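One structure is given here, and the rest of the page talks about it.
This one's a predicted model, so the numbers in the text were calculated from it and none came from an experiment.
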Amino acid sequence: MPPVFSHGDLRLYLLNLLDESPRHGYDLMQALSDRTGGTYTPSAGTIYPRLAKLEEEGLVTKSVEGRKTIYAITEAGHAEVVARAGDLEGIEAGLADSVRLIADEVRGSVREAMKSLRADLAAAAQADRGAAKDRAQADDAARADARSAARADSREQVRRAEAIVADFRTTVRTDLRTHLAHGGSLAASVVDDLARSLDDTLRDLARALRG
């Protein structure tokens with residue numbers, strides 16, 4: 001994936017964040033992570049040297065409040081933000097593209113997860129049918145009828161499970177597209193939580209199928 005910020009863009013974006021309100025260093029790092037949908041989380045070694053340079057240029061000032069150093073924009077810094085409003089619009093458009101890319105990757109991951117889950121369900125159902133058929137050949141008619149009823153119920157449960165998975169896939173895709181269409185962003189933590197939940201579900205299913 002290409003860099004989120006081109007040369008010089010991070011400096012301007014830091015000024016823009018400080019133009020919104022004074023912030024301390026960690027707050028700036030968190031704001032950058034949030035606004036890029038988790039695609040870019042700068043280190044202290046990236047942020048603080050740039051803040052020091054902006055201070056040298058007279059574009060920001062810093063003050064100490066308790067154990068935190070607060071950075072605030074100066075009039076000169078505000079003037080640069082205003083003068084480069086067009087550049088900022090281009091940066092914001094690039095960040096929006098990054099968030100859309102994440103959404104596309106999430107949709108692809110969800111589709112693959114659902115496909116894998118359906119394949120596991122189908123394989124488990126097939127194995128169960130084969131085992132039930134072998135048992136039916138050695139059992140009497142009454143027990144065969146009982147197993148046949150059990151197989152029919154298993155097939156119904158497989159259909160139920162597939163319908164649940166299909167509904168989940170449709171709901172996730174619709175919610176993501178609606179969220180992005182309304183200008184929302186998608187944090188990496190949300191995607192991580194989704195991935196962990198799917199992994200937990202797959203492990204629980206595998207344990208249940210193994211008995």
Problem set entry | Note, Leu28 side chain near Leu51 side chain (heavy atom, < 4.5 Å) | yes
Problem set entry | Validation row: Arg118, Lys115 side chains within 4.5 angstrom (heavy atoms) | yes
Exercise. Using a distance-only test with no angle check, is there a side-chain donor-acceptor pair under 3.5 angstrom linking Thr174 and Thr171?
Worked result: no
Exercise. Is the shortest side-chain N to carboxylate O distance from Asp200 to Arg203 below 4.0 Å?
Worked result: yes
Exercise. Can you find a heavy atom in the side chain of Met29 that is under 4.5 Å from one in the side chain of Tyr48?
Worked result: yes
Problem set entry | Within 6.0 Å of CZ in Arg143, more than 12 heavy atoms from elsewhere | no
Exercise. Does Arg35 come within less than 4.0 Å of Glu20, counting only side-chain N to carboxylate O?
Worked result: yes
Exercise. Is Ser154 reaching over with its side chain to a backbone N or O of Ala150, donor-acceptor style, under 3.5 angstrom?
Worked result: yes
For this session: Spell out, as yes or no, whether a donor-acceptor pair under 3.5 Å connects the side chain of His179 to the backbone of Ser185.
Result: yes
Exercise. Which atom pair, heavy atoms only, marks the closest approach of Ala76 to Gly58?
Worked result: CB-O, 3.9 Å
Exercise. Is the backbone of Leu17 close enough, under 3.5 Å, to the side chain of Arg23 for a donor and an acceptor to pair up by distance?
Worked result: yes
Exercise. With sequence neighbours left out, what residues match Tyr13 under ring-ring contact (aromatic ring centres under 6.0 Å, His included)?
Worked result: Phe5
Exercise. Is any NZ, NE, NH1 or NH2 atom of the basic residue among Arg160 and Glu156 found under 4.0 Å from an Asp or Glu carboxylate oxygen of the other?
Worked result: no
For this session: Please round to the nearest 0.5 Å and tell me the distance separating atom CZ of Arg196 and atom CG of Asp192.
Result: 5.5 Å
Problem set entry | ILVMFWY cluster, Leu117 and Phe168 together (side-chain gap under 4.5 Å) | yes
Exercise. In this structure, are over 12 heavy atoms from other groups packed under 6.0 Å from Glu75 atom CD?
Worked result: no
For this session: Please confirm whether the backbone N or O of Ser33 pairs with a side-chain atom of Thr36, one donor and one acceptor, at under 3.5 Å?
Result: yes
For this session: Quick one: pull up OH in Tyr71 and CG in Leu14 and give me the separation to the nearest 0.5 Å.
Result: 11.0 Å
For this session: Measure the spacing between CZ of Arg11 and CZ of Arg84 and express it to the nearest 0.5 Å.
Result: 6.5 Å
Exercise. Are the side chain of Thr69 and the backbone of Val64 linked by a donor-acceptor contact shorter than 3.5 Å?
Worked result: no
Problem set entry | hydrophobic_cluster_shared for Val165 and Val158, side chain cutoff 4.5 Å | no
